[in-house]
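Here's the structure we're looking at; comments come further down.
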Amino acid sequence: MTATPVPRTDTASDSDTPTEAAPATDTAAAAEHNAAGPATGAGAAEAVEALLLVDLQTAFVAGDEAVPDAARVLDRGRALLARARAAGALVVHLQNDGAPGTVDEPHTPGWELHLPVEPGPRESVIRKREDDGFDGTPLGALLDGAGVRALALCGVLSEMCVAATARTALARDFRVVLPHDAHATYDIPAAAGISERVPAALSSRAAEWALGDEVEIVPRAADVTFTAPRRGR
């Protein structure tokens with residue numbers, strides 16, 4: 001995953017209360033979720049058997065170069081992780097191996113996973129080199145071997161690794177749930193003759209919409225419930 005952070009113009013918040021910088025965006029997103037169209041949801045989804053935490057690495061969620069909504073995504077990630085573990089669901093931490101000199105170059109501080117891992121039969125780390133968490137990794141075999149048919153995603157970046165992994169999961173006939181408040185990205189910088197700066201929240205929403213009507217988008221991470229895979233019971 002390669003992205004150039006845009007200088008931050010707002011302050012990330014741990015709460016559900018919109019900041020002064022983005023109330024209109026949050027209101028618009030909520031309205032879209034309740035309107036007809038692709039990938040909308042109004043409440044709790046049917047339980048899923050796995051949680052994929054996508055690239056929640058220090059370079060992207062901590063410090064001055066974190067995505068604008070890093071605090072929110074980490075808060076939702078922690079809550080999802082706790083519920084998945086309690087239910088006996090499969091948990092996979094995807095960890096991107098960046099190229100030499102990038103912020104997520106392996107074994108540099110920015111590469112480290114920000115949330116703690118509890119290694120075991122139902123929780124593991126899978127390293128990847130591409131946006132798609134299935135590309136060149138054992139992710140598909142792990143999910144299939146555990147009997148997983150439905151999964152939830154959380155992490156960064158919305159339009160890159162989150163979207164790429166979601167698309168392949170859909171293509172492999174997994175049911176995919178994406179909580180609106182559990183993924184994030186950077187602002188898109190202004191481009192002369194093309195557009196002004198695009199706020200990160202709008203980019204994230206566009207990434208959801210582009211996944212089409214097969215993905216299940218729910219408004220809140222709290223709407224996601226977990227169960228153990230059948231072969232893990």
key: Beyond-backbone contact of Asp131 with Cys161, side-chain heavy atoms, under 4.5 angstrom   = yes
inquiry  = Between His107 and Glu112, do the side chains contain a donor N or O and an acceptor N or O under 3.5 Å apart?
reply    = no
ask   = Between His114 and Gln57, do the side chains contain an N or O donor and an N or O acceptor separated by less than 3.5 Å?
value = no
task = Examine distances only and state if a side-chain atom of Arg83 and a backbone atom of Val224 form a donor-acceptor pair shorter than 3.5 Å.
result = yes
ask   = With no hydrogens and no angle check, is any side-chain donor or acceptor of Tyr186 less than 3.5 Å from a backbone partner on Ala66?
value = no
ask   = How far does CG of Asp223 sit from CD1 of Ile217, to the nearest 0.5 angstrom?
value = 12.5 Å
Review item, side-chain donor-acceptor pairs of residues 133-149, under 3.5 Å, at least two apart:
residue: Thr137; atom: OG1; partner: Gly133; partner atom: O; Å: 2.5
residue: Thr137; atom: OG1; partner: Leu139; partner atom: N; Å: 3.2
residue: Arg149; atom: NH2; partner: Asp173; partner atom: O; Å: 2.9

inquiry  = Using only atom types and a distance under 3.5 Å, with no angle test, would you say the side chain of Thr165 pairs donor to acceptor with the backbone of Val162?
reply    = no
Side-chain touch Glu216/Arg175, heavy atoms, less than 4.5 angstrom = yes
For Arg72 against Asp181, the heavy-atom pair lying closest together = NH1-O, 2.5 Å
ask   = Can you tell me if Gln95 uses its side chain to pair, donor with acceptor, with the backbone of Trp111 under 3.5 Å?
value = yes
inquiry  = For a quick test of reading the model, state the closest non-hydrogen atom pair linking Asp187 to Arg197 and the distance between them.
reply    = OD2-NH1, 2.9 Å
Could you give the side-chain donor-acceptor pairs of residues 150-159 under 3.5 Å, partners two or more places apart or in another chain?
residue: Ser158; atom: OG; partner: His183; partner atom: ND1; Å: 2.7
residue: Ser158; atom: OG; partner: Ala184; partner atom: N; Å: 3.2
residue: Ser158; atom: OG; partner: Ala184; partner atom: O; Å: 3.2
residue: Ser158; atom: OG; partner: Ser204; partner atom: OG; Å: 2.8
residue: Glu159; atom: OE1; partner: Thr185; partner atom: OG1; Å: 2.7
residue: Glu159; atom: OE2; partner: Thr185; partner atom: OG1; Å: 3.2

